[in-house]
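The structure under discussion appears below in the form of structure tokens.
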Amino acid sequence: MPEVVSYALDGDIAVITVDNPPVNALSLPVRRGLAACFERFAGDASAKAAVLICSGRTFIAGADITEFDKPIEEPWLPKVVHYIEDLAKPVVAAIHGTALGGGLETAMGCHYRVAVAAAQVGLPEVSLGLLPGATGTQRLPRLAGVEAALNAMISGRPMPAKVAHEKGVLDAIIDGDLKAGAVAFARDLVKAGKGPRKVREIALDAASLPAGFFSDYRKSIARETRGFFAPEQIIKCVEAAVSLPYDQAVKRENELFMQCMTSPQSRAQRHLFFAEREVSKVPDVPKDTALRPIHQVAVVGGGTMGGGIAMNFANVGIPVILKEINQEALDRGMAIIRGNYEGPVKKGRMSQEAMDKCMALITPTLDYKDLGNADLVIEAVFETMAVKEIVFKELDAVCKQGAILASNTSTLNVDEIAAFTRRPEDVIGLHFFAPANVMTLLEIVRGAKTSNEVIATSMALAKTIRKIGVLVRVCFGFVGNRMFFPYVREAQRMMLEGVPPERVDRVAFEWGMAMGPHGVSDLSGLDVFDKLNKEWKDKPNDPAYCRMIHALVEKGRLGQKSGAGIYKYEGRTPVPDPEVTALAKAEAERLGVQQVEVSDEEIIERLLFAMINEGALILDEGIAMRASDIDVVFCHGYGMPRHRGGPMKYADEVGLAKVVAAMEKYRARYGDLYWTPAPLLARLAKEGKTFNG
Ligand code: 3HC
């Protein structure tokens with residue numbers, strides 16, 4: 001087996017190379033190899049200094065995340081880092097690609113750091129529910145300053161080499177060949193008689209910080225880190241860095257790291273890390289499937305959705321034609337797009353020039369004939385089959401051969417839509433989530449006849465427009481909406497049972513959802529839900545099903561957009577409305593729905609377990625390829641917090657037997673219709689297994 005860490009001499013400079021593809025993660029063999037090579041360097045009298053460099057596409061990109069579920073094996077990384085730092089001869093880290101997490105920590109254990117200009121360095125552990133646990137929380141503040149280090153660790157965002165150089169994390173930027181440059185840098189050190197320089201000896205003390213620094217810092221990040229465990233632990237480590245002797249602070253870092261690593265949150269976030277990479281793999285579509293070039297896109301329907309979709313392509317430099325039915329609608333659509341761009345320009349997040357470039361890439365039209373040259377057309381019109389039929393028949397007539405014809409339908413049968421054309425193999429669902437220019441999810445719905453080329457091109461396209469594409473199959477609502485409906489259904493049912501909507505929303509929010517189910521229903525538009533329910537052929541045979549949505553729509557309460565829905569609105573602030581409570585009571589009496597006292601725990605169980613059970617059916621039916629794909633859908637498209645890892649991972653954490661037991665409790669109360677455990681769920685629970693096993 002080739003060595004993952006090798007030792008060579010370049011004159012009087014030792015070159016220690018890590019070669020552990022794909023990203024040189026610090027697996028046990030790498031840690032052992034580093035320890036052995038640096039020991040050899042220590043004893044090699046002919047080597048006056050050392051360079052630590054990596055083969056392949058990147059410097060060490062961090063600890064090996066797959067090892068976190070296994071027992072720790074020595075040498076543990078902090079030990080390696082300290083061994084390097086304590087060497088009597090200077091060590092230079094030579095960085096290319098991304099020095100992340102344990103990679104940057106190793107580099108900060110070295111006495112000097114150089115990098116190519118395109119490199120990035122960072123401590124992204126927070127996105128895995130962790131903190132930098134190999135002395136990173138102690139070293140980065142010493143090099144970059146307390147606030148900059150906190151910002152880097154709390155956001156997890158890497159710094160470009162230039163910024164890292166300015167902040168003192170890097171000593172030099174190397175032009176040209178990195179290895180040659182780093183060896184020359186090391187040789188210069190030797191010549192100048194410059195020895196090791198220990199980061200841990202850089203002074204750092206609380207007196208240098210403004211009064212109340214940490215409490216102000218906590219307040220400043222409270223909103224964006226709500227519900228997450230790791231950010232607070234990172235702050236505690238930095239507090240220790242400024243108030244405790246180094247060795248004690250490292251001990252504290254280690255304790256808090258272990259707390260993070262064994263937390264359900266970190267398990268959930270690590271799960272998502274791999275889920276987001278797994279999701280692009282489609283077992284039955286060969287990797288070498290030819291991709292169709294997409295140079296020109298068209299969007300049919302210039303409403304909020306169509307406009308948002310068009311922006312995705314303009315943002316990455318792909319020209320888009322926006323087709324509407326009349327001039328007024330077209331002008332309105334273009335104005336919405338303009339408004340969407342103006343926001344970030346006003347806030348300084350986008351330049352006027354960039355906005356003008358994007359706007360220039362969007363061409364409005366009223367004529368289907370202008371779509372003849374498009375490589376991809378996305379329909380984003382009214383959500384009824386009758387309208388889809390008109391549009392797809394037109395597209396079939398005007399679009400060139402080989403064009404991909406996509407529907408942005410959120411629920412309807414893509415096979416039926418495909419049958420309106422003479423080329424069902426070119427038809428696919430591309431379901432964007434509102435606001436389409438912001439949300440990162442793209443549900444890609446393959447029809448029974450969709451060709452591999454069209455699937456592969458759509459998956460690649462998702463990456464081009466910086467979205468995460470999840471491939472699913474046809475059913476009403478696909479994965480996301482089909483699972484979201486039972487969640488809304490339970491929220492609706494609880495409203496009839498006398499549970500105040502604001503309480504359900506508060507409990508869901510506290511669990512971590514960006515918004516509770518009632519707030520989301522009002523935001524999406526109750527009329528939208530009502531219309532979907534009407535289109536749904538296999539709606540549950542239950543007169544109480546989403547009854548309040550229908551009753552409110554009948555009263556003209558469509559949600560936020562009409563100023564009142566489940567809540568009434570003061571501006572965009574939802575206010576509980578006694579009129580709705582009275583209506584719910586009257587409807588409950590009419591339908592014979594009992595008033596029920598529910599605990600917060602029951603609210604979560606009913607909302608989540610209803611959703612999870614649907615997820616199990618979806619998996620059994622092959623609508624989603626993997627449980628982890630479902631988790632990606634919910635964390636990217638439905639505001640589920642990453643620290644829960646998605647509904648299926650949450651079920652695994654709760655324990656499937658517990659989920660089934662709770663469902664049986666509700667089944668006894670409500671009957672079989674909604675609460676019969678899906679066969680897959682029942683089987684896995686019985687076997688003591690998990691969805692993501
Ligand atoms: N451990 C194990 N596997 C890893 C890994 C890691 N740290 N980082 C990436 N991989 C795997 C990926 O799962 C993927 O595997 P696959 O091909 O089987 O799907 C493969 O390497 C390539 O990864 P990407 O597809 O993500 O490649 P990119 O080129 O798009 O991105 C990257 C490269 C920027 C390095 C990105 O992989 C990344 O961000 N990795 C994680 C970095 C990170 O979080 N490091 C901190 C780890 S925790 C730590 O260090 C704790 C310490 O403080 C003690």
Side-chain angles (χ1 to χ4, degrees), residues 4 18-31 34 54 56-70 72-82 95-109 118-140 149 152-160 230 233-234 237-238 250 253-263 265-267 269-283 287 459-460 462-464 466 468-469 626 628-629 632 642:
V4 287
V18 180
D19 186 6
N20 184 31
V23 297
N24 290 314
L26 288 154
S27 58
L28 178 63
V30 173
R31 298 197 305 276
L34 285 172
C54 293
R57 64 204 226 211
T58 180
F59 191 78
I60 301 163
D64 184 335
I65 304 165
T66 60
E67 287 186 354
F68 288 146
D69 292 321
K70 303 173 193 156
I72 291 172
E73 286 201 65
E74 291 291 355
W76 187 227
L77 190 57
K79 212 181 205 172
V80 178
V81 171
H82 283 131
I95 298 169
H96 75 293
T98 44
L100 299 178
L104 179 59
E105 291 173 301
T106 305
M108 292 190 295
Q120 300 203 30
V121 304
L123 295 175
E125 283 87 342
V126 73
S127 58
L128 298 168
L130 297 170
L131 57 84
T135 69
T137 63
Q138 306 304 302
R139 293 177 188 275
L140 197 60
M153 291 189 283
I154 299 289
S155 73
R157 268 193 300 275
M159 298 178 204
Q233 313 317 310
I234 291 173
C237 287
V238 178
V250 167
E253 181 195 82
N254 188 257
E255 285 161 11
L256 295 174
F257 177 79
M258 294 312 288
Q259 282 183 27
C260 287
M261 195 174 82
T262 52
S263 68
Q265 288 205 357
S266 179
R267 279 197 294 276
Q269 288 173 259
R270 272 146 40 200
H271 160 72
L272 278 179
F273 176 85
F274 290 112
E276 285 163 351
R277 281 151 182 84
E278 196 68 14
V279 77
S280 58
K281 296 170 189 158
V282 187
K287 268 193 186 148
M459 294 295 280
K463 283 193 183 149
T464 307
R466 302 184 201 118
I468 188 144
R626 318 165 181 94
S628 61
D629 287 4
V632 170
R642 294 183 69 82

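All ligand and atom numbering here is 1-based and tracks the order in the structure.
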Closest heavy-atom contact between [X] and [Y]?
X: Leu123; Y: Gly101; answer: CD2-O, 3.6 Å
X: Gly136; Y: Glu253; answer: N-OE2, 3.4 Å
X: Arg31; Y: Leu26; answer: NH1-O, 3.0 Å
X: Ile65; Y: Arg270; answer: CG2-CG, 3.6 Å
X: Arg626; Y: Pro283; answer: NH2-CD, 4.0 Å
X: Val81; Y: Thr106; answer: CG2-CA, 4.0 Å

- Item | Geometric class of the Phe68/Phe257 ring pair [parallel <30°, tilted 30-60°, perpendicular >60°] | perpendicular
- Please step through side-chain contact (heavy atoms from CB on, under 4.5 Å) for the pair Val30 and Asn24, ending with a clear verdict. CA-CA 8 Å; Val30 173; Asn24 290 314; over 6 Å; no
Just need the protein heavy atom nearest to [atom], so name the residue and atom and give the distance.
atom: atom 25 (O) of ligand 1; value: Arg277 NE, 3.9 Å
atom: atom 53 (O) of ligand 1; value: Glu125 OE2, 2.6 Å
atom: atom 2 (C) of ligand 1; value: Asp64 OD1, 3.4 Å

- Would you mind reporting whether Thr135 and His82 have side-chain heavy atoms less than 4.5 Å apart? yes
- Would you check if Val279 and Ser628 make a side-chain contact, meaning some heavy-atom pair closer than 4.5 Å? no
At a 4.0 Å threshold, what atoms of ligand 1 neighbour a non-hydrogen atom of [X]?
X: Gly62; result: 45 (N), 50 (O)
X: Gly101; result: 46 (C), 50 (O)
X: Phe274; result: 13 (O)
X: Phe273; result: 8 (N), 9 (C), 13 (O), 40 (N), 41 (C)
X: Gly102; result: 49 (C), 50 (O), 52 (C)
X: Pro132; result: 53 (O)
X: Ile65; result: 1 (N), 2 (C), 6 (C), 7 (N)

- Is any heavy atom of the protein nearer than 4.0 Å to atom 13 (O) of ligand 1? yes
- Task: Mark whether atom 30 (O) of ligand 1 lies under 4.0 angstrom from at least one protein heavy atom.
- Result: no
Measure [X] to ligand 1 on non-hydrogen atoms and call it side chain, backbone, both or neither using the 4.0 Å cut-off.
X: Glu105; value: side chain
X: Val23; value: side chain
X: Pro124; value: side chain
X: Ala63; value: both
X: Lys281; value: side chain
X: Thr58; value: neither

Could you say whether the N/O atoms of [X] and ligand 1 ever approach to under 3.5 Å?
X: Thr66; value: no
X: Ala61; value: yes
X: Arg57; value: yes
X: Ala25; value: no

- Run down the list Ala134, Gly129, Pro22 and name the one with the heavy atom closest to atom 20 (C) of ligand 1. Pro22
- Message: Considering Asn20, Leu128, Leu100 one by one, which has a heavy atom nearer to atom 44 (O) of ligand 1 than any of the others?
- Response: Leu128
- Going from CG on Leu128 to CE on Met261, what distance comes out if it is rounded to the nearest 0.5 angstrom? 12.0 Å
- Query: Does Lys281 come within less than 4.0 Å of Glu278, counting only side-chain N to carboxylate O?
  - Reply: yes
- Mark yes or no for whether Ser266, through its side chain, and Leu130, through its backbone, hold a donor-acceptor pair below 3.5 Å. no
- Query: Is Arg277 positioned over the aromatic face of Phe273, cation under 6.0 angstrom from the ring centre and no more than 45 degrees off axis?
  - Reply: yes
